[in-house]
Structure formats: C-alpha cells, structure tokens
S.K.: 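This is the structure I have questions about; it appears just below.
Since the model is a prediction, treat every value here as computed from it, not as a measurement.
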Amino acid sequence: MDRVVRFIDIMEVPDLRGWLREYADHAHFSELFERKLGKLHAHDKEHGSDFLRTLYHFLESSGNLIETSNRLYIHRNSVKYRLQRIREIIPIDLSCPRQRFVYHLCLTYHYLKANE
C-alpha cells in the first residue's frame, strides 16, 4: 500500500499553500499539531497504523466514506473502523465544522512540512 500522501489537491489552492509554507516554521503550528494530533501521530509510529492519512483523506473528501476508501484503496467498512479508532485515541467530533477545519489545517501543515 502506498503510504505517501499526494498533494495535488493542496497545491491547487495557492493562497492556502503559500500561507502555510510561509508560516510552517512558526512554533504555534507545531504546538497546535502536537496538541490536536500528537497522540494519533505517536500511535501511528508505535503501531504502524495509518490513522493520520485516513483522517486527512476523510477530511479532504468532505467526509465521504466511499471517496475516502477509494483514495486509500480499502473497503469503506475499514474507513469506518479507522474513524472509530481515531475517535478513541483523540477527542475529535467529525460532525463539528470548526473541528474538521482545525484538524484539516493541522494535517495539511504536517504533510507540507514532511515533504519539504
């Protein structure tokens, strides 16, 4: 399974990409990522899971399970299982637009930094 996140969609939004690149070294982004997604990131590293990427694609696809499963090449029930596990690891309410925005921003920041 390909574990690399593709950034074609991110790169299509030049204002967001430029803004994030400009401020990517700012300590507040690192702190926000750690506060919101640190546990999930640690879990992925420790257990070899793919929860960060699952959450990223879920948010990128506006919460569409079928599109998320297609992007990850897994069954939609696997996406549902992963989202449940994510909710057990971090306090995220995927029905809240503000939380979805913050987590999406954090994940976009994370993957931009990882690909520098």
Side-chain angles (χ1 to χ4, degrees):
M1 178 186 301
D2 182 25
R3 296 180 65 87
V4 176
V5 174
R6 308 270 186 242
F7 290 97
I8 294 169
D9 294 334
I10 294 172
M11 297 309 161
E12 290 177 2
V13 186
D15 294 328
L16 175 62
R17 183 189 74 236
W19 183 78
L20 280 173
R21 283 190 192 274
E22 183 176 340
Y23 292 100
D25 290 329
H26 200 279
H28 292 297
F29 270 116
S30 293
E31 291 169 12
L32 181 63
F33 176 83
E34 189 59 36
R35 193 169 64 244
K36 295 293 183 179
L37 290 162
K39 280 185 177 180
L40 196 61
H41 189 237
H43 186 279
D44 276 358
K45 283 182 172 181
E46 184 178 333
H47 299 282
S49 53
D50 210 7
F51 294 145
L52 280 180
R53 195 168 75 103
T54 300
L55 183 57
Y56 173 78
H57 284 293
F58 180 76
L59 295 170
E60 274 289 299
S61 64
S62 300
N64 185 310
L65 288 174
I66 294 172
E67 186 175 337
T68 303
S69 67
N70 289 338
R71 288 176 179 216
L72 296 170
Y73 303 103
I74 60 176
H75 193 275
R76 70 180 175 88
N77 286 342
S78 296
V79 174
K80 290 167 79 172
Y81 169 77
R82 288 182 182 186
L83 292 173
Q84 180 56 43
R85 289 288 294 129
I86 289 167
R87 287 197 272 309
E88 291 171 2
I89 297 167
I90 60 172
I92 184 171
D93 179 0
L94 293 172
S95 66
C96 176
R98 286 185 184 143
Q99 282 194 32
R100 285 195 316 266
F101 172 76
V102 169
Y103 281 92
H104 195 191
L105 185 65
C106 287
L107 286 163
T108 303
Y109 158 79
H110 171 73
Y111 287 121
L112 283 172
K113 287 290 287 182
N115 286 317
E116 284 186 341

S.K.: Stepwise, does the side chain to side chain contact (heavy atoms under 4.5 Å, CB included) test hold for Y109 with L32?
M.R.: CA-CA 10 Å; Y109 158 79; L32 181 63; over 6 Å; no
S.K.: With sequence neighbours left out, what residues match E67 under side-chain hydrogen bond (donor to acceptor under 3.5 Å, both in side chains)?
M.R.: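 Counting only residues at least two positions away or on another chain, E67 forms a side-chain hydrogen bond (donor to acceptor under 3.5 Å, both in side chains) with R71.
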S.K.: With heavy-atom distances below 4.5 Å as the criterion, would you say the side chains of F58 and R82 are in contact?
M.R.: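 Answer no - side chains too far apart.
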S.K.: With rounding to the nearest 0.5 Å, note down the distance linking NE2 in H110 to OG in S30.
M.R.: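 These two atoms lie 11.0 Å from each other.
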S.K.: Does the side chain of L52 come within less than 4.5 Å of Y111's, by heavy atoms?
M.R.: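 A side-chain contact under 4.5 Å exists here.
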S.K.: Taking only residues two or more places apart in sequence, or in another chain, which ones meet H104 in a side chain to side chain contact (heavy atoms under 4.5 Å, CB included)?
M.R.: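 Scan of H104 (side chain to side chain contact (heavy atoms under 4.5 Å, CB included), adjacent residues dropped) gives Y56, L59, E60, T108.
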S.K.: For residues R76 and I66, report the shortest heavy-atom separation together with the two atoms involved.
M.R.: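 Looking at all heavy atoms of both residues, the closest pair is CD-CG1, 4.1 Å.
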S.K.: Can you tell which of D44, I86, I90 makes a side chain to side chain contact (heavy atoms under 4.5 Å, CB included) with K39?
M.R.: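 Filter result, single survivor: I90.
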S.K.: For F51, what residues pass the ring pair (Phe, Tyr, Trp, His ring centres under 6.0 Å) criterion, not counting sequence neighbours?
M.R.: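 Expected list: H43.
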S.K.: Within this structure, what is the NE2-CD1 distance for the pair H47 and I89, rounded to the nearest 0.5 Å?
M.R.: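 Here the rounded value is 7.5 Å.
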S.K.: What salt bridge (Lys or Arg N to Asp or Glu O under 4.0 Å) pairs are there with at least one residue in residues 83-92, not counting sequence neighbours?
M.R.: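 Only R85-E88 qualify under salt bridge (Lys or Arg N to Asp or Glu O under 4.0 Å).
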S.K.: Listed by chain and number, what are the side-chain hydrogen bond (donor to acceptor under 3.5 Å, both in side chains) partners of S69, not counting sequence neighbours?
M.R.: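 So S69 forms no side-chain hydrogen bond (donor to acceptor under 3.5 Å, both in side chains) with any residue.
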S.K.: Within this structure, what is the CD-SG distance for the pair E34 and C106, rounded to the nearest 0.5 Å?
M.R.: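 E34 CD to C106 SG: 10.5 Å, rounded to 0.5 Å.
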S.K.: Is any side-chain heavy atom of I92 closer than 4.5 Å to one of L55?
M.R.: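 Touching, per the 4.5 Å side-chain cut-off.
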S.K.: Under the side-chain hydrogen bond (donor to acceptor under 3.5 Å, both in side chains) test, which residues partner N70, sequence neighbours left out?
M.R.: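 Expected list: none.
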S.K.: Are F101 and Y103 connected, step by step, through hydrophobic side chains (Ile, Leu, Val, Met, Phe, Trp, Tyr) whose heavy atoms are closer than 4.5 Å?
M.R.: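 F101 and Y103: one cluster.
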S.K.: Flag the pair L83 / T68 as yes when at least one side-chain heavy-atom distance between them is below 4.5 Å, and no otherwise.
M.R.: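 No, every pair of side-chain atoms sits at 4.5 Å or beyond.
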S.K.: Only counting residues at least two apart or in another chain, list the ones meeting side-chain hydrogen bond (donor to acceptor under 3.5 Å, both in side chains) with S62.
M.R.: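 side-chain hydrogen bond (donor to acceptor under 3.5 Å, both in side chains) list for S62, sorted by chain: empty.
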